[in-house]
Amino acid sequence: MSAISDDDVERVRALVAAIPRGQVSTYGDLAAAAGLSSPRIVGTIMRTDAADLPWHRVISASGTPAPHLARRQLARLHEEGVPIRDDRVVLRECRWEIDADT
DNA sequence: TTTGTGACCTGGA
DNA sequence: ATCCAGGCCACAA
């Protein structure tokens, strides 16, 4: 059996898919919005079942994602119009406020 | 079952 | 600015 409920996975997927272009969200915010106990679960879900989602719009709270992804994240985010300063996303400008209704 | 690893977060030195 | 420790939970071997 899967430790993570399908409902939780779908909830996270919906949140990630709902992130507007030009904005980003953090693992911690997504975890909190999805009602998960820990941000790591979001990371696990992404790795397992979010390959078809705009994972590039999901970053860490520091604005600096994992090294292997950072290069690609920043490039694509930059194309979407996300403000980037010296290889780190300016969360203050592009952080997406999560709404349960969207 | 236990152990190690990870697309994390926070806080302290 | 950097490095380390603790907490968190799930997945692969």
Side-chain angles (χ1 to χ4, degrees):
Chain A
M1 62 172 276
S2 301
I4 304 177
S5 303
D6 294 340
D7 187 49
D8 290 335
V9 176
E10 290 301 310
R11 197 174 304 134
V12 174
R13 287 173 54 83
L15 289 169
V16 175
I19 300 175
R21 180 177 176 280
Q23 290 190 299
V24 298
S25 185
T26 67
Y27 292 96
D29 284 358
L30 291 173
L36 298 176
S37 315
S38 167
R40 295 189 82 95
I41 302 178
V42 177
T44 300
I45 293 174
M46 303 298 271
R47 188 185 67 176
T48 57
D49 198 22
D52 59 305
L53 290 173
W55 50 270
H56 53 268
R57 292 180 186 163
V58 182
I59 60 177
S60 54
S62 301
T64 53
H68 41 274
L69 297 180
R71 182 70 177 84
R72 189 159 157 175
Q73 296 279 67
L74 296 173
R76 188 165 258 216
L77 290 173
H78 181 66
E79 290 185 70
E80 294 190 351
V82 174
I84 297 176
R85 182 182 62 172
D86 190 54
D87 291 331
R88 59 190 87 186
V89 177
V90 184
L91 291 173
R92 187 174 71 180
E93 293 294 322
C94 63
R95 188 176 186 182
W96 176 54
E97 291 292 336
I98 298 176
D99 282 328
D101 188 52
T102 48

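Chain identifiers are assigned alphabetically (A, B, ...) following the order of the sequence lines, protein sequences preceding nucleic acid strands; residue numbering begins at 1 within each chain. Keep in mind it's a predicted model, so treat the numbers as computed, not measured.
One can place CG of Leu36(A) at 14 Å from C1' of dC9(B), the figure rounded to the nearest angstrom. Atom P of nucleotide dA12(C) and atom CZ of Arg47(A) are separated by 6 Å, given to the nearest angstrom. Between the CG atom of Asp6(A) and the P atom of dA10(C) there is a distance of 14 Å, rounded to whole Å. What separates CG of Asp49(A) from P of dA12(C) is a distance of 12 Å, to the nearest Å. Taking atom CG of Leu69(A) as the reference point, atom P of dG6(B) lies 13 Å away to the nearest angstrom. Taking atom CG of residue Leu74(A) and atom P of nucleotide dA7(B), one finds them 16 Å apart after rounding to whole Å. Rounding to whole angstrom units, CD1 of residue Ile45(A) and P of dC9(C) are separated by 14 Å. The CG-P distance, from Leu30(A) to dC9(B), rounds to 10 Å in whole Å.
Picking from dA10(C), dA7(B), dC9(C) the nucleotide with the shortest atom distance to the side chain of Met46(A) gives dA7(B). The side chain of Thr26(A) lies closest to dC9(B), out of dC9(B), dA7(B), dC8(C). For Ala61(A), whose side chain is taken as the heavy atoms from C-beta onward, the closest listed nucleotide among dC11(C), dA7(B), dT10(B) is dT10(B). When the nucleotides dA7(B), dC11(C), dC9(C) are ranked by their closest atom to the side chain of Ile4(A), dC11(C) comes out on top. The side chain of Ser37(A) lies closest to dC9(C) when the candidates are dA7(B), dC11(C), dC9(C). Comparing dC8(C), dC9(B), dA7(B) by their nearest atom to the side chain of Ser60(A) picks out dC9(B).
Under the 3.5 Å distance criterion, the side-chain polar atoms of Arg11(A) are matched with a main-chain donor or acceptor of Ala34(A). For the pair Glu80(A) (side chain) and Ala75(A) (backbone), a donor-acceptor distance under 3.5 Å is absent.
The 5' end of DNA chain C is approached more closely, in terms of each residue's nearest nucleotide, by Pro39(A) than by the other of Pro39(A) and Thr44(A).
Counting any heavy atom pair closer than 4.0 Å across all strands shown, Ile41(A) reaches sugar-phosphate atoms only and no base atom.
With respect to the salt-bridge test (charged N to carboxylate O, under 4.0 angstrom), the residues Glu10(A) and Arg13(A) qualify. Salt bridge Asp29(A)/Arg95(A): present, at least one basic N to carboxylate O contact under 4.0 Å.
Rounded to the nearest Å, the gap between the C1' atom of dT1(B) and that of dA13(C) is 12 Å. On the C1' atoms, dC8(C) is 12 Å away from dG6(B), given to the nearest whole Å.
Residue Arg88(A) places at least one side-chain N or O under 4.0 Å from the OP1 or OP2 atom of dA1(C).
Val16(A) is connected to Leu36(A) through a chain of hydrophobic side-chain contacts under 4.5 Å among Ile, Leu, Val, Met, Phe, Trp and Tyr, so both are in one cluster.
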